[in-house]
Amino acid sequence: MKILSEYTNATFQYDSKEERDSHVKKMESEGWECSGQIKETLSLHNGDWYWCGKFIKRTV
């Protein structure tokens with residue numbers, strides 16, 4: 001058996017857009033690819049949104 005590709009996923013929650021934007025730049029400079037999603041909700045029922053960043057990086 002041989003691994004053809006392998007990826008690492010990381011998701012972050014931020015307190016502000018500025019914090020998110022700064023972290024996205026840092027992650028991208030380290031080779032991570034950002035999904036582009038900027039907000040996410042914990043539950044569709046309560047509607048509480050937070051700033052998020054979702055990243056993927058190829059490891060193999």
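These figures come from a predicted structure and were not determined experimentally. When reading the values below, keep in mind they use all heavy atoms of this one structure, side chains included, and skip hydrogens, waters and symmetry mates.
Remark: the backbone N or O of T8 is not paired with any side-chain donor or acceptor of E6 at under 3.5 angstrom. In this structure a side-chain-to-backbone donor-acceptor pair under 3.5 Å is present from S29 to K26.
In terms of heavy atoms, G31 sits closest to K57 at O-CG, 3.9 Å. Taking every heavy atom of both residues into account, R20 and C52 meet most closely at NE-O, 2.7 Å. Taking every heavy atom of both residues into account, T41 and D48 meet most closely at OG1-O, 3.1 Å.
In this structure, K25 does not pair ionically with D21, as no charged nitrogen and carboxylate oxygen lie closer than 4.0 Å. Between E33 and R58, none of the side-chain N atoms (NZ, or NE/NH1/NH2) sits under 4.0 Å from a carboxylate O, so this pair counts as no salt bridge.
Aromatic ring orientation, F55 versus W32: perpendicular (interplanar angle above 60°, classes split at 30° and 60°).
F12 and I38 end up in the same hydrophobic cluster when Ile, Leu, Val, Met, Phe, Trp and Tyr side chains are linked at under 4.5 Å.
In this structure, CE on M27 lies 12.0 Å from OG on S22, to the nearest 0.5 angstrom. Taking CD1 from I3 and OG1 from T59, the interatomic distance works out to 8.0 Å, rounded to the nearest 0.5 Å.
Contact annotation: the side chain of W51 never approaches that of D15 to less than 4.5 Å [non-hydrogen atoms, C-beta and beyond]. Residues C34 and K54 fail the side-chain proximity criterion, which asks for heavy atoms closer than 4.5 Å.
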With side chain to side chain contact (heavy atoms under 4.5 Å, CB included) as the test, would you mind laying out the steps for E40 and Y50 before giving the verdict? CA-CA 6 Å; E40 186 168 83; Y50 62 89; 2.5 Å; yes
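In K17, the NZ atom is not crowded: 12 or fewer heavy atoms of neighbouring residues, nucleotides or ligands sit closer than 6.0 Å.
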